[in-house]
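In what follows, a single structure is set out as structure tokens and then discussed.
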Amino acid sequence: MDKGDKIMADKIIKQSLWISIIVTIIDQSYHIARNLTHQIFDIANPETIYYIGVKFLIVFVVSFIALKNVKGSIIRLVVITSIVAAFIFSIFINYLFPYAYKFDIHLLHALGIAIGVFVTLKFGEKWHLT
């Protein structure tokens, strides 16, 4: 790996981390506002740790793969990343917590992921996030 490849890989890792952080903040804000389960205030509960950790990891991995492989506009990356990450997360969430959520919540996950991707890619360099 030459120096240019390393710099690009580092940038993609930073972008993916920021996307995951922003998505987690958005998701937790929604959970707190709607008084849903798996809030950061209940971090002692192993279910909450799994929920937050699995979502963070899925968003990180999907955004990393998308940023590395998908060429095109920010909107294209937003759509691909949000739909794929929300779909994968919905599989995990239905398996881990079949009693807790309905289908509509998965659509909101895609919206939160889309916002995180857009904000990071559009404003990340301005805000020195990447």
Side-chain angles (χ1 to χ4, degrees):
M1 179 184 295
D2 68 3
K3 188 174 181 177
D5 290 340
K6 176 147 177 35
I7 291 170
M8 184 54 83
D10 289 347
K11 182 176 181 171
I12 292 171
I13 289 169
K14 284 181 189 178
Q15 288 174 323
S16 298
L17 282 172
W18 276 111
I19 289 168
S20 298
I21 290 167
I22 292 168
V23 168
T24 300
I25 291 168
I26 291 168
D27 185 59
Q28 282 300 299
S29 298
Y30 183 79
H31 277 250
I32 292 165
R34 298 285 310 268
N35 198 25
L36 300 172
T37 59
H38 305 128
Q39 294 180 19
I40 192 75
F41 303 124
D42 192 24
I43 199 70
N45 181 346
E47 282 188 0
T48 301
I49 295 169
Y50 293 140
Y51 175 89
I52 294 171
V54 165
K55 181 161 190 181
F56 187 93
L57 184 62
I58 288 171
V59 170
F60 176 79
V61 170
V62 170
S63 62
F64 180 83
I65 291 169
L67 290 169
K68 189 165 172 35
N69 296 305
V70 174
K71 305 299 179 220
S73 69
I74 289 174
I75 299 302
R76 184 178 178 157
L77 284 163
V78 165
V79 170
I80 290 169
T81 304
S82 62
I83 291 171
V84 171
F87 178 75
I88 293 170
F89 185 64
S90 72
I91 292 169
F92 277 93
I93 202 167
N94 282 327
Y95 175 74
L96 292 173
F97 313 111
Y99 55 87
Y101 301 101
K102 297 178 187 167
F103 178 74
D104 61 340
I105 198 74
H106 302 308
L107 298 176
L108 291 172
H109 283 128
L111 179 60
I113 295 165
I115 292 168
V117 174
F118 182 80
V119 166
T120 301
L121 297 180
K122 184 74 174 172
F123 304 107
E125 288 186 19
K126 254 187 230 178
W127 297 340
H128 305 289
L129 301 178
T130 60

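The figures here come from the full heavy-atom set of this structure, side chains too, leaving out hydrogens, waters and symmetry mates. One is the number of the first residue; the rest follow in order along the sequence.
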task: Tell me, please, which residues at least two apart from D10 pass salt bridge (charged side-chain N to carboxylate O under 4.0 Å, His left out).
output: K6

- request: Side-chain contact test, heavy atoms from C-beta onward, threshold under 4.5 Å: evaluate it for Y50 versus F92 and give yes or no.
  value: no

Ignoring hydrogens and angles, write down the donor-acceptor pairs under 3.5 Å from the side chains of residues 61-69, residues two or more places apart or on other chains.
{"residue": "S63", "atom": "OG", "partner": "S16", "partner atom": "OG", "Å": "3.4"}
{"residue": "S63", "atom": "OG", "partner": "V59", "partner atom": "O", "Å": "2.8"}
{"residue": "S63", "atom": "OG", "partner": "F60", "partner atom": "O", "Å": "3.0"}
{"residue": "N69", "atom": "ND2", "partner": "I65", "partner atom": "O", "Å": "3.0"}

message: Does F56 have more than 12 heavy atoms from other residues, nucleotides or ligands lying within 6.0 Å of its CZ?
response: yes

query: Does the pair E125/K14 count as a salt bridge with the N-to-O cut at 4.0 Å?
result: no

field: Audit row: H109, K55, side-chain contact (heavy atoms from CB on, under 4.5 Å) steps and yes/no
entry: CA-CA 10 Å; H109 283 128; K55 181 161 190 181; 2.6 Å; yes

query: Distance from N45 atom CG to T37 atom OG1, nearest 0.5 Å?
result: 8.5 Å

message: Between T48 (side chain only) and D42 (backbone N and O only), is there a donor and an acceptor less than 3.5 Å apart?
response: yes

message: Is it the case that the side chain of T81 and the backbone of V78 share a donor-acceptor pair, with hydrogens and angles ignored and the cut-off at 3.5 Å?
response: no

message: Check the orientation of H38 and H31. Use parallel for under 30°, tilted for 30 to 60°, and perpendicular for over 60°.
response: tilted

- line: Taken to the nearest 0.5 Å, the spacing of M8 CE from I13 CD1 works out to 12.0 Å

field: Nearest-0.5 Å distance that lies between atom CG in L36 and atom OH in Y30
entry: 6.0 Å

statement: Nearest heavy-atom approach of A85 to I58 is O-CG2, 3.7 Å

- prompt: Of the non-hydrogen atoms in V70 and I80, which two are nearest, and what is the gap between them?
  reply: CG1-CD1, 3.8 Å

query: Is the F89-Y51 ring centre distance short of 6.0 angstrom?
result: yes

message: How long is the straight-line distance from CD1 of I7 back to CG of D2, given to the nearest 0.5 Å?
response: 9.0 Å

message: Could you work out, with side-chain hydrogen bond (donor to acceptor under 3.5 Å, both in side chains) as the rule, every residue matching N94, not counting sequence neighbours?
response: none

field: Minimum side-chain heavy-atom gap L111-I115 below 4.5 Å
entry: yes

statement: Value for CG (L121) from OG (S73), rounded to nearest 0.5 Å, stands at 10.0 Å

message: Pair Q15, V117 - check side-chain contact (heavy atoms from CB on, under 4.5 Å), show working.
response: CA-CA 9 Å; Q15 288 174 323; V117 174; over 6 Å; no

task: Could you tell me the separation between the OG1 atom of T120 and the CD1 atom of I19, rounded to the nearest 0.5 Å?
output: 5.0 Å

